[in-house]
Amino acid sequence: MTARITASVYTSHVPAIGAAIDLGKTAEPYWQPVFTGYERSKAWMTANKPDVIFLVYNDHATAFSLEIIPTFAIGCAAEFKPADEGWGPRPVPVVKGQPELAAHIAQSVILDDFDLTIVNRMDVDHGLTVPLSLMCGEPDAWPCPVIPFAVNVVQYPVPSGRRCYHLGKAIRKAVESYDEPLNVQIWGTGGMSHQLQGPRAGLINREFDNAFLDQLIADPETLSKKPHIDYIREAGSEGIELVMWLVARGAMADTPPRVVHRFYHVPASNTAVGHLILENPR
Amino acid sequence: MALDKSYKDVPGTTIFDAEQSRKGYHLNQFCMSLMKSENRARFKAGERAYLDEWPMTEDQKQAVLARDLNRCIGLGGNIYFLAKIGATDGKSFQQMAGSMTGMTEEEYRDMMIRGGRSIEGNRSIGEKK
């Protein structure tokens, strides 16, 4: 028996959501609809606890300054500390890694022509910890080890949707060649439409977001061809984070997935919150 | 052949590409230094003196002192780096984003609650006219 990817999770990773959890504001009228949307997700997580989460996210000028800007970076360390992003570190558990599987995936994926940067020491920011909080609540320890996979979406050009989608396929192949029967989930995070800069800040595009969700489920192949300019124009300069969802989708089986949960809400601070849980056929 | 920079046609938006990153390198690295609490304290104790430790342009220093985020971005700043200044000032990301739109904090928050800024009329500079 080898490892296999059983499901994928997609979610926004808005920092203000983390702050709302950490400051005990989840029941406030502004935040309540967001957290209600994740109630089912938390129940699903409890019932479908994976052995490892492969978590695709982006660093927001936290672990990576402008000194080094890796396009794809895989975390191979034994643990990753929640970062101080300027407001102090989030009071959440340390993230335990899975160095053996991470090293195996790195080796397989690099030989498949994806030039990953290997990271053996890294703090993780809200991009990684907010999805864990949304899906797992506030436990004393995260339910399983996590392999952080950071994608550059800060300095343009970010990798294309096509590249991300094919990378996902290479990750699937790598996982399926790992000689241990691990249940692996892959998460794609960031988005949905939002713009944090300039006079156009505050942009939200519900129509784009919902069409993206539809197509991610039904026709990721076509979606992967969407050019950068479409994301920037239609979903905002920071909406381009959505390419990371294509890594997770590419790692799913070629047969249609089962849609376990779909949720969309505007706003969380400056951002449209989108969320999907897709299961592979058993 | 010239690079395709069609994103320059998106109104009210500056894409942080290699050109901007080169211009803003020291500005952004200054921001990055504010990740450490002792540096935040030193910056607050004397902003100008702290900025003078960095090989930034005078324009960049003035833009930081004025907390003019649009100008910082024009001079090569990136919002995720500039956010460290906001964190040092105790500002939320929403307050920072709103400050670039010409709206008051309240107007901006209300716009977001009503569903955000519409895409209609905001796709391209040509359309905006």
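Naming: A, B, ... by sequence-line order, numbering from 1 per chain.
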Taking side chain as everything from C-beta outward and backbone as N, CA, C, O, which of these in [X] sits under 4.5 Å from a heavy atom of chain A? Side chain, backbone, both or neither.
X: B:Gln94; value: both
X: B:Lys91; value: backbone
X: B:Met103; value: neither
X: B:Arg40; value: side chain
X: B:Ser99; value: neither

Would you mind reporting whether [Y] and [X] have side-chain heavy atoms less than 4.5 Å apart?
X: B:Asp9; Y: A:Arg233; value: yes
X: B:Gln20; Y: A:Gln155; value: no
X: B:Thr14; Y: A:Arg200; value: no
X: A:Tyr156; Y: B:Lys5; value: no
X: B:Met35; Y: A:Asp84; value: no
X: A:Glu67; Y: B:Tyr25; value: yes

Nearest atoms (heavy-atom pairs only) where [X] meets [Y]:
X: A:Val154; Y: B:Phe16; answer: O-CD2, 3.6 Å
X: B:Ile73; Y: A:Gly198; answer: CD1-N, 4.4 Å
X: A:Ala201; Y: B:Ala97; answer: CB-O, 3.8 Å

Hey, could you give me the [atom1]/[atom2] distance between [X] and [Y], rounded to the nearest 0.5 Å?
X: A:Ile232; Y: B:Ile15; atom1: CD1; atom2: CD1; result: 4.0 Å
X: A:Leu66; Y: B:Asn28; atom1: CG; atom2: CG; result: 5.0 Å
X: B:Met111; Y: A:Ile204; atom1: CE; atom2: CD1; result: 8.5 Å
X: A:Glu85; Y: B:Phe93; atom1: CD; atom2: CZ; result: 9.5 Å
X: B:Ile119; Y: A:Glu207; atom1: CD1; atom2: CD; result: 10.0 Å
X: B:Thr13; Y: A:Glu238; atom1: OG1; atom2: CD; result: 8.5 Å

message = Would the distance check show the side chain of A:Gln197 and the main-chain N or O of B:Asn78 forming a donor-acceptor pair, the cut-off being under 3.5 Å?
response = no

Under 6.0 Å from the [atom1] atom of [X], do we count more than 12 heavy atoms belonging to anything else shown?
X: A:Lys25; atom1: NZ; answer: no
X: A:Lys225; atom1: NZ; answer: yes
X: B:Glu58; atom1: CD; answer: yes
X: A:Leu23; atom1: CG; answer: yes

message = Using the rule given for side chain to side chain donor-acceptor pair (under 3.5 Å), can you reason through A:Asn270 versus B:Tyr108, listing the C-alpha separation, both sets of side-chain angles and the distance that settles it, and then say yes or no?
response = CA-CA 9 Å; A:Asn270 307 287; B:Tyr108 182 82; 2.8 Å; yes

Quick one: what part of [X] sits under 4.5 Å from any heavy atom of chain B, side chain, backbone, both or neither?
X: A:Thr62; answer: both
X: A:Phe64; answer: backbone
X: A:Phe208; answer: neither
X: A:Leu203; answer: both

query = Pick from B:Leu34, B:Thr88, B:Ile113: which one has the most heavy-atom pairs with chain A under 4.5 Å?
reply =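 Top option by heavy-atom pairs under 4.5 Å: B:Ile113.
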
Between [options], the one whose heavy-atom pairs under 4.5 Å with chain B are most numerous:
options: A:Leu196, A:Ile229, A:Ile240, A:Thr271; value: A:Leu196
options: A:Val14, A:Val266, A:Ile69, A:Asn205; value: A:Asn205
options: A:His194, A:Gln195, A:His228; value: A:Gln195

